[in-house]
Amino acid sequence: HQQQFAIWFVDKVAPFFGKKEENLDNLKLPKFLSIFHDTVVASATLMLVFFGAILLVLGPDVMANKEVITTGTPFDPAKQDFYMYIMQTAFTFSVYLFILMQGVRMFVSELTNAFQGISSKLLPGSFPAVDVAASYGFGSPNAVLSGFAFGLVGQLITIVLLIVFKNPILIITGFVPVFFDNAAIAVYADKRGGWKAALVLSFISGVLQVALGALCVALLGLASYGGYHGNIDFEIPWLGFGYIFKYLGIIGYALVCFFFLLIPQLQFARAKDKEAYYQGQVQAED
């Protein structure tokens, strides 16, 4: 997906923030906050706070405008109260998130078993690949919510700074980078460096998504086209690629293509077991 470079980086730096034993599951909350150890309650509350604030700012007129709200179910003032619509929208998302986290292990297991015929007969040595959200089921549920929350806070602070300093390009955060980037980063960071790594690195990711996203839009001249794909990998390595494209032209494109082709060769060179590499069991030396 569009978080591969970021997750690789997080995997390397997260241990410097703390011990993996000090993860979010072992984090002790005050008694009056202990209810938030329940993933459903925590996600419902979090979505109500963040999405509720956004929907209140937009207002019922905007949310009922079908020309503006082109996906999902627009608000219908004739059928539902606006405040109930906000609660339903927030709670529905938390239900979807719970189903995703609970069912992803089963999904991956069934997909792997179903793929055996292809991997053994049609494409020997191949294995299935799934979206980054599949990692949520193998980490702490609290990491998913914490990564979402702290990544969003980092984004909102940076957006305010863009406005304060009158930056000519304003980035409006999107749901995909907020959730799929920052939540995934927190899952890996929590597993490798504990809760401090999860919170700090997801927050930094949110800051970079907005700050470097604005720089990418200016560099690549995308303001007139409406924006930029905000995933974290498009803010870090692709920012450098953008400079290469701009100043080296066709040679720059060739160099970037060569770089991507070189990555699996380096992985294979570092693999201890060359045969197992093609079965997805790479054990690279640190």
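Quick caveat: nothing in here was measured; it's all calculated off a predicted structure. No hydrogens, no waters, no symmetry mates; every other heavy atom, side chains included, goes into these values.
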query: Any chance the rings of Phe241 and Trp238 have centres within less than 6.0 Å?
result: yes

[X], [atom1] atom: more than 12 neighbouring heavy atoms under 6.0 Å:
{"X": "Phe165", "atom1": "CZ", "value": "no"}
{"X": "Leu161", "atom1": "CG", "value": "yes"}
{"X": "Phe148", "atom1": "CZ", "value": "yes"}

Please enumerate all residues that pass ring pair (Phe, Tyr, Trp, His ring centres under 6.0 Å) together with [X], with sequence neighbours excluded.
{"X": "Phe82", "value": "Phe75"}
{"X": "Tyr136", "value": "Phe179"}
{"X": "Tyr253", "value": "Phe245"}

To the nearest 0.5 Å, tell me how far [X] [atom1] sits from [Y] [atom2].
{"X": "Phe9", "Y": "Leu201", "atom1": "CZ", "atom2": "CG", "answer": "7.5 Å"}
{"X": "Ile236", "Y": "Asn231", "atom1": "CD1", "atom2": "CG", "answer": "11.5 Å"}
{"X": "Asp11", "Y": "Lys191", "atom1": "CG", "atom2": "NZ", "answer": "12.5 Å"}
{"X": "Tyr85", "Y": "Lys79", "atom1": "OH", "atom2": "NZ", "answer": "13.0 Å"}
{"X": "Thr45", "Y": "Leu145", "atom1": "OG1", "atom2": "CG", "answer": "10.0 Å"}

Are [X] and [Y] side-chain neighbours, meaning at least one heavy-atom pair lies under 4.5 Å?
{"X": "Asp233", "Y": "Gln4", "value": "yes"}
{"X": "Thr158", "Y": "Gln155", "value": "no"}
{"X": "Ile7", "Y": "Val132", "value": "yes"}
{"X": "Phe203", "Y": "Ile157", "value": "yes"}

- prompt: Given a cutoff of under 4.5 Å between side-chain heavy atoms of I, L, V, M, F, W and Y, with clusters grown through shared members, what are the other residues clustered with Leu262?
  reply: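 Leu262 shares its hydrophobic cluster with Phe258, Leu266.
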
message: Applying salt bridge (Lys or Arg N to Asp or Glu O under 4.0 Å), can you list everything that pairs with Asp81, at least two apart in sequence or on another chain?
response: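 With neighbours one apart ignored, the set is empty.
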
query: What pairs with Ser205 under side-chain hydrogen bond (donor to acceptor under 3.5 Å, both in side chains), at least two apart in sequence or on another chain?
result: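 Residues passing side-chain hydrogen bond (donor to acceptor under 3.5 Å, both in side chains) with Ser205: Asn182.
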
